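Worth saying up front: this structure is predicted, and the values here are computed from it rather than measured.
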Amino acid sequence: MRSAPHQRAHRRAPWLVASLAVVLAVVAGACGGRSESGGGSGEGGSSTTAPEATQVVDPAADCPNYAGTTGADGATIKIGNTLPQSGTFKVFEKVKVGINAYFQFANAGGGVQGKQLELISLDDAYLPERSRANAETLTQTDGVFALLGNVGTENNKQIQQYFAETQQCVPNLAVATGFPGFGDPANDPWIINGLPNYGLESVAFADYLKQNKPQAKVALLSQNDSFGESYVSAFKQAIAGTEITVVGEQTFDPRSESNPQGQVTSLASSGADALLLGVTSVPCPTALRSIKDSGWNPLIYVTLTCSSKILMDVAGDAAEGTISTRATYDPSDPDSAAQPSVQEFKTEGAKYGLAPEDLDDLNVAAGWNLGAYLVQLLKASPQLDRAAVMNTAYSQTGVTFGMNLDGIDWTTNGAEDPFGYEQLQFVTRTGGKWVPQGELTNYSAQLSEQGGG
Amino acid sequence: MQLFIQRVFDGLQAGVVYAILALAIVVIFRASGLLNFAQGELAMFTTFIAWTFLDAGVPWWAATILSAVVGFVIGAVLYRLLIVRLGGPAGNPLAIVIVTIGLFLILNDGAGIIWGANPAKVPRLFGDGRVEILGAGISVQVLGLLGVLALLVIGFGLLFQRTKLGLALRAVTSNQESAGLAGVKVMTTLMIGWGLASAIGALAGTFTASQNASVDTNMMQIALIYAFAAATLGGFDSPLGAVVGGLIIGLVSELVVGYVDVIGPDLRLLPGFVLVLVVLLVRPQGLFGSAQVARA
């Protein structure tokens with residue numbers, strides 16, 4: 001008789017500590033890979049880009065092992081994608097669902113140049129190093145023609161770096177992040193933005209304050225990654241020289257806390273009367289709930305990525321009165337139901353595999369839009385060649401596709417104008433839905449004041 | 001001063017969730033001498049079950065209690081079907097710990113497959129009310145959860161110390177063979193222990209969901225790390241220690257992050273774990289744990 005409970009506890013201590021370490025490692029896996037900044041050298045041309053800017057890519061000069069038609073020389077055009085299908089940011093899995101539905105829709109209409117589109121999507125759990133591994137699998141094993149709609153700033157940075165290191169010239173199209181660094185074709189012409197530039201949103205919010213609250217005292221609450229930093233740095237640049245001041249600044253790490261109550265307390269005590277909430281996914285409605293609990297009542301800007309029906313439903317009345325921007329119609333909004341592009345999404349989407357709840361999901365709609373972007377781009381490209389597609393992507397004028405708002409004309413022009421979206425519509429959360437405020441506004445001038453954002 | 005009180009309230013709000021999850025960890029430890037790393041995911045899973053009841057029109061309170069009942073059954077069945085086959089705690093504890101880590105992943109993905117990737121809204125158990133104390137605000141929700149927590153600690157204290165079941169649980173943990181020889185139904189007792197822990201875990205899940213006003217598949221992962229810290233701090237065999245430990249970890253994290261600029265939110269995990277380390281150096285058994293006595 002030798003094992004009293006305390007002895008037992010004592011005896012177990014070493015494995016107890018070891019297994020705690022294992023679990024910490026499993027959970028903290030999400031912390032890994034906050035990659036260094038800097039856009040990677042890319043394979044791209046240098047500052048000698050022609051002023052015409054239709055030729056951002058010259059494979060003969062830039063790609064030693066150029067294989068321009070890989071993945072598109074058979075009966076199908078293989079498109080790769082990596083995004084979180086598990087983990088904290090699993091909500092973005094729905095982007096894949098939307099892309100897939102659009103591909104089926106396009107295939108039923110004859111595909112692109114007689115070829116059917118095929119999507120191969122892999123799970124990266126939002127871990128940048130897994131995105132990199134997925135990019136390797138997609139290009140080396142699956143032999144895709146291009147990547148489309150990859151989610152996450154750090155994730156796409158890793159993919160960019162992988163392509164640079166291995167000297168592969170593979171288009172990374174319409175990345176599902178608005179990180180301003182992905183609109184820099186002089187540095188890397190093989191990647192192009194698919195969402196409104198995050199900086200554009202900050203510029204729009206600053207512009208809104210200049211007009212409506214010119215002496216605003218602003219608090220900034222942002223995710224401690226390049227997503228959050230993009231909003232914060234662009235906002236500070238945009239308010240330079242105005243009477244708007246930043247009175248409080250807090251960051252939030254979604255991997256080590258689930259509720260930013262403490263940050264909210266700090267910011268509330270700063271006396272701020274406006275708040276830029278640079279947070280996305282589930283932590284965004286949680287933050288709104290904390291703010292409402294705290295009794296603090298600032299004018300809140302929530303990011304476009306947080307304005308989806310699902311996250312807003314979770315926030316409920318805590319989102320009432322917040323403002324945001326949009327570049328596309330929201331299929332869950334009854335006021336948009338009459339738009340032909342929304343009707344096409346609803347009827348064709350339902351026909352090609354979207355469940356009823358998908359038809360209300362902004363992430364599905366975003367995927368649908370990315371699919372629509374790709375199809376018009378491939379059709380516009382003179383041939384199904386990687387360099388030709390990239391050159392086309394950086395020289396499009398006044399293109400309309402998917403569920404973009406009426407009046408949005410997607411225009412790019414090489415390094416001079418790398419961002420497709422330049423206009424945003426302000427919206428206010430009123431009575432549980434987003435109500436447009438004012439007119440669609442073009443912010444490209446303010447954005448270029450910041451050196452392209 | 002008002003800011004300080006507000007931060008104390010924020011700390012309690014965070015700590016109440018760590019405390020109840022730590023309580024579940026401690027109950028399993030007391031009942032079977034094991035740690036269940038799937039405790040948090042089990043709690044998430046039962047919270048989705050509670051949400052399913054809610055979605056079907058059951059009031060949130062009733063759904064919470066029902067999910068605790070379902071949690072009890074899941075815990076007991078897991079023990080009977082899985083843990084026993086691995087030889088139980090007396091057999092191969094390391095294998096069981098690894099299995100619980102496997103369960104962690106299975107439950108997380110399983111919940112995603114069943115309920116989807118999107119978060120769902122849930123109401124608050126005690127409503128959205130708020131009480132002002134010395135200029136700082138604390139939500140009725142947090143006060144209510146603190147009350148429930150106090151009842152649970154008293155309940156489990158009485159269970160372990162004053163009931164035959166509690167005696168059996170302690171006897172089985174102490175020495176299964178002797179307990180069996182003395183007439184304790186070892187298997188049943190351990191099933192009850194696992195069931196109770198999972199039921200508390202279910203409450204931890206619905207508490208967390210109520211706090212965030214939403215349920216999602218990853219809601220318990222961060223809380224689990226803090227809960228392990230809380231259980232270590234309070235002592236792995238003390239229900240009261242788990243609760244006090246949870247509240248202390250919540251308070252320390254909030255106050256240090258709030259007042260020490262160098263730490264800041266990016267290093268939020270640090271203060272709690274430094275405290276655990278310091279306490280373990282001085283009192284290896286934790287604040288309320290039983291001291292280790294070896295028989296000569």
[X] versus chain B, the contacting section by heavy-atom distance below 4.5 Å:
X        : value
A:Glu357 : neither
A:Glu93  : side chain
A:Ser269 : side chain
A:Ser266 : both
A:Lys292 : neither
A:Asp361 : side chain
A:Pro254 : backbone
A:Val91  : both

Practice task
Name the option with the most non-hydrogen atom pairs under 4.5 Å to chain A; the candidates are B:Leu255, B:Asp216, B:Leu269.
Solution key: B:Asp216
Problem - Where A:Val314 and B:Ala120 come nearest, the two heavy atoms and their spacing - result: CG2-C, 4.1 Å
Handout entry: Heavy-atom pair of closest approach, residues A:Ile310 and B:Pro119
Key = CG2-CD, 3.7 Å
Handout entry: Point-to-point distance, once rounded to the nearest 0.5 Å, from CZ of B:Arg268 to OG1 of A:Thr251
Key = 10.0 Å
Handout entry: Close side-chain approach of A:Asp313 and B:Lys121, heavy atoms under 4.5 Å
Key = no
Completion exercise
Result for side-chain hydrogen bond (donor to acceptor under 3.5 Å, both in side chains) between A:Asp293 and one of B:Arg124, B:Gln141, B:Arg130 points to B:Arg124
